[in-house]
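Please read the structure below before turning to the comments.
Just so you know, these numbers come straight off a predicted model, no measurement behind them. Order of the sequence lines fixes the chain letters, A, B, ..., with proteins taken first and strands second; residue numbering starts at 1 for each chain.
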Protein chains: 2
Amino acid sequence: MTQRRFIPGLKDVARTAGVSMTTVSRYLNADLVLPADTAQRIDTAIRQLGYVPNLHARSLSRGRSDTIGLVIPTIANPFFALLAAAVEEAAEAKGLGVLLSTTSNSASRELQYVTRMRRNQVSGLLFVSAHYHTSELAQALNDTRGLVLIDEDIPGVRSSKVLYDNYHGGWLAGQHLTEYGHRRIAFIGGPSELASTRDRFAGLRDAAAQAGAEVVFELYGPYSAAHGEDAARALLSLARTPTAVFVSSGEIVIGLLDALHRAGVEVPGRLSLIVFDDAGPLHLFNPPLTAIRQPIAEMGARAVELMLAASQGEAAETEIRLPVELVKRASVAPPASV
Amino acid sequence: MTQRRFIPGLKDVARTAGVSMTTVSRYLNADLVLPADTAQRIDTAIRQLGYVPNLHARSLSRGRSDTIGLVIPTIANPFFALLAAAVEEAAEAKGLGVLLSTTSNSASRELQYVTRMRRNQVSGLLFVSAHYHTSELAQALNDTRGLVLIDEDIPGVRSSKVLYDNYHGGWLAGQHLTEYGHRRIAFIGGPSELASTRDRFAGLRDAAAQAGAEVVFELYGPYSAAHGEDAARALLSLARTPTAVFVSSGEIVIGLLDALHRAGVEVPGRLSLIVFDDAGPLHLFNPPLTAIRQPIAEMGARAVELMLAASQGEAAETEIRLPVELVKRASVAPPASV
DNA sequence: GTGAAAGCGCTAACAA
DNA sequence: TTGTTAGCGCTTTCAC
């Protein structure tokens with residue numbers, strides 16, 4: 001047994017300061033304006049004893065923890081990292097802490113962590129999924145108060161949602177590509193089950209169709225660099241390779257571009273590239289990558305707002321579609337054959 | 001008052017299952033092997049009621065939370081994001097949760113968050129600083145059990161530490177540069193008060209000296225892209241610009257390289273570049289950046305191990321220096337004049 | 001194997 | 001204004 005050194009509690013502070021626990025508690029919670037000398041004595045006692053409030057006790061007693069949960073697939077991805085930073089900042093501004101859980105891109109953990117969050121009595125839950133969605137998950141989510149879905153919609157979940165206008169993002173990409181004269185376009189997507197993936201594709205396809213172009217190749221897979229590398233291989237082994245590629249995520253484009261470099265494929269000389277996601281330092285890449293940029297910080301802020309609304313007021317179940325924009329850089333050029 | 005719907009507790013489960021709270025509690029904590037039918041009844045009751053344990057109550061009762069605190073400057077930096085991911089993974093493997101706090105690069109928040117962590121009764125604290133260190137901080141840190149300092153040493157703090165061999169990193173950079181014939185080298189550092197910054201510089205300087213080269217320019221500043229841009233400006237306005245630059249962090253090099261591009265400076269044609277930190281997709285940059293790579297995942301894992309040791313056994317106060325390595329890419333070339 | 005009951009440290013009625 | 005006291009939901013001796 002390790003030596004358990006004396007840990008002072010509210011009681012000790014009260015005794016030392018010669019007041020009751022209630023007084024100290026209220027004083028600490030600013031429920032109360034105290035005569036200067038009483039306040040002084042309490043402050044002194046606290047410092048002297050090295051008193052540190054126990055947040056678990058407080059949460060238990062109050063029945064709430066002033067903490068919000070954030071569940072994301074992984075923090076080792078700039079997009080989610082930036083999102084987490086934005087959520088933290090917004091939460092901090094509201095006096096809320098944030099409890100972060102990463103599901104390591106594992107579907108089973110999504111369910112597990114929703115539960116974990118509930119066990120922690122968070123006042124709200126911000127949830128980002130990246131997987132095929134089971135009804136079990138939807139069920140658990142629907143049982144969670146103060147839920148806000150971010151970035152990715154989940155069918156059957158009733159809650160507020162903050163999403164991107166994925167369709168428009170795809171459309172912008174398609175429009176940009178066709179404006180440059182591309183007629184044979186490839187789409188490298190994330191998981192095909194996700195609404196975001198399908199929407200981005202649909203936007204691309206419609207924009208292409210409108211300009212008389214075509215999406216001649218589609219490939220879906222996880223949000224990983226490895227999937228990007230696979231995609232590059234697949235692309236290059238095509239009988240007639242497309243002249244442009246729209247990549248659905250920043251993680252994927254890393255592997256794709258790397259593989260393209262290694263294969264000696266000129267970008268944009270031989271293949272134009274545009275990516276949905278502008279979280280990393282894409283402007284320093286070779287070539288600087290043209291991208292669809294999403295307002296990450298705003299997404300975080302809005303999510304916190306909606307969570308607060310959802311957990312306090314009536315179930316508004318607002319759904320927000322944040323606009324995305326095209327950032328032109330140097331990875332799109334006219335097709336070589338034109 | 002919002003409608004507070006019924007939230008089942010252990011008591012309700014016990015009543016429904018027809019056993020006592022004790023039995024349920026023990027069963028849930030696997031302290032106990034129960035007759036199949038009793039277990040069955042409890043499981044059913046839990047599912048039926050939608051019982052979710054209250055972790056605050058549990059932590060309060062047990063006096064510990066099986067959670068470790070991680071304090072980092074910001075999550076919006078790939079290095080820290082990767083570190084956080086590594087810590088999470090290592091903690092998860094030990095059955096520990098992690099409570100993340102980011103200090104937003106503010107020195108005052110470092111102190112604030114150390115306290116916050118203690119209030120949360122974490123079993124240990126992993127702390128990454130990026131600031132000038134006050135004695136107040138050192139004091140607070142020394143009062144924290146299970147403390148492990150990561151990445152950056154803090155004078156006067158007695159605890160286990162997991163650091164990089166910054167001196168050797170600087171030395172590797174200097175050696176590489178001088179091998180390519182550079183004689184006039186610049187050092188763009190992080191905050192000058194930090195031991196890591198000074199060590200990296202010292203390594204560079206010594207390696208340079210040994211090869212008859214010299215560090216002709218030094219500039220220090222925050223870990224930010226803006227500092228990198230300033231550095232580029234300063235570098236270019238020098239009467240005799242150096243032929244090579246060693247940049248102390250990945251964040252800084254982003255701004256630096258960007259400014260260099262905009263100024264039309266060829267890298268490595270006119271200026272060779274090497275950076276300490278290989279967290280981002282530096283291999284895709286233009287040019288691919290030669291870097292000193294640190295074992296981030298290992299740092300996270302070792303930190304968790306040491307924390308466990310520190311919070312359980314005697315205060316070992318181990319200090320680990322993790323080795324770094326040179327990753328040659330394409331941003332270093334012989335100086336133009338040679 | 002099972003249960004009764006005493007806390008864990010704090011908050012918030014309710015009294016004084 | 002300040003104090004008394006009953007919980008918050010769970011764990012954990014200790015007795016049965």
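Distance A:Asp12 CG to C:dC8 P: 11 Å, rounded to the nearest Å. Straight-line distance from the CZ atom of B:Arg62 to the C1' atom of D:dC8: 18 Å, rounded to whole Å. Between the CG atom of B:Asn29 and the P atom of D:dT12 there is a distance of 7 Å, rounded to whole Å. Distance, B:Met21 CE to C:dG3 C1': 11 Å, rounded to whole Å. Atom pair B:Tyr51:OH and D:dC10:C1' shows a separation of 7 Å (rounding to whole Å applied). Atoms NE2 (A:His56) and P (D:dG9) sit 16 Å apart, rounded to a whole Å. Put simply, NZ on B:Lys11 is 16 Å from P on C:dG3, counting in whole angstrom units. At whole-Å resolution of the value, CG in A:Leu55 and C1' in D:dC8 are 15 Å apart.
Distance from the side chain of A:Ser61 is smallest to D:dG7 among D:dG7, D:dG3, D:dT11. Each of D:dT4, D:dT11, D:dC10 was ranked by its minimum atom distance to the side chain of A:Ser20; first place goes to D:dT4. The side chain of B:Leu10 has D:dT11 as its nearest neighbour among D:dG3, C:dC10, D:dT11. Of all nucleotides listed (D:dT11, D:dG9, D:dT2), D:dT2 comes nearest to the side chain of A:Thr38. Considering only the side chain of B:Thr22, C:dA5 comes nearest among C:dA5, C:dC10, C:dA13.
Each of B:Leu60 and B:Gly18 was assigned the nucleotide of DNA chain C with the nearest heavy atom; the assignment lying further toward the 5' end belongs to B:Gly18. Mapping B:Ala57 and B:Pro35 onto DNA chain C via the closest heavy atom, the residue that lands nearer the 5' end is B:Pro35.
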* **Full working for salt bridge (charged side-chain N to carboxylate O under 4.0 Å, His left out) between A:Arg41 and A:Asp37** => CA-CA 6 Å; A:Arg41 288 209 312 283; A:Asp37 67 323; 3.7 Å; yes
* Please assess A:Glu298 against A:Arg321 for the test salt bridge (charged side-chain N to carboxylate O under 4.0 Å, His left out), listing each intermediate value before the final yes or no. => CA-CA 11 Å; A:Glu298 187 179 355; A:Arg321 285 275 169 185; over 6 Å; no
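More than 12 heavy atoms of other residues, nucleotides or ligands shown are found within 6.0 angstrom of CD on B:Gln112.
Of the possible donor and acceptor atoms, one in the side chain of A:Thr67 sits under 3.5 Å from a partner among the backbone N and O of A:Ser65. Between the B:Asp143 side chain and the B:Ala140 main chain, no donor and acceptor come within less than 3.5 Å of each other.
A donor-acceptor contact under 3.5 angstrom links the side-chain atoms of B:Arg26 to the base of C:dG3.
Counting non-hydrogen atoms under 4.0 angstrom, A:Ser59 reaches nothing in the nucleic acid. Among the protein residues, B:Tyr27 comes within range of no part of the nucleic acid, since none of its heavy atoms lies under 4.0 Å from any strand.
For A:Ser25 and C:dT11, the shortest distance from a side-chain N or O to OP1 or OP2 is below 4.0 Å.
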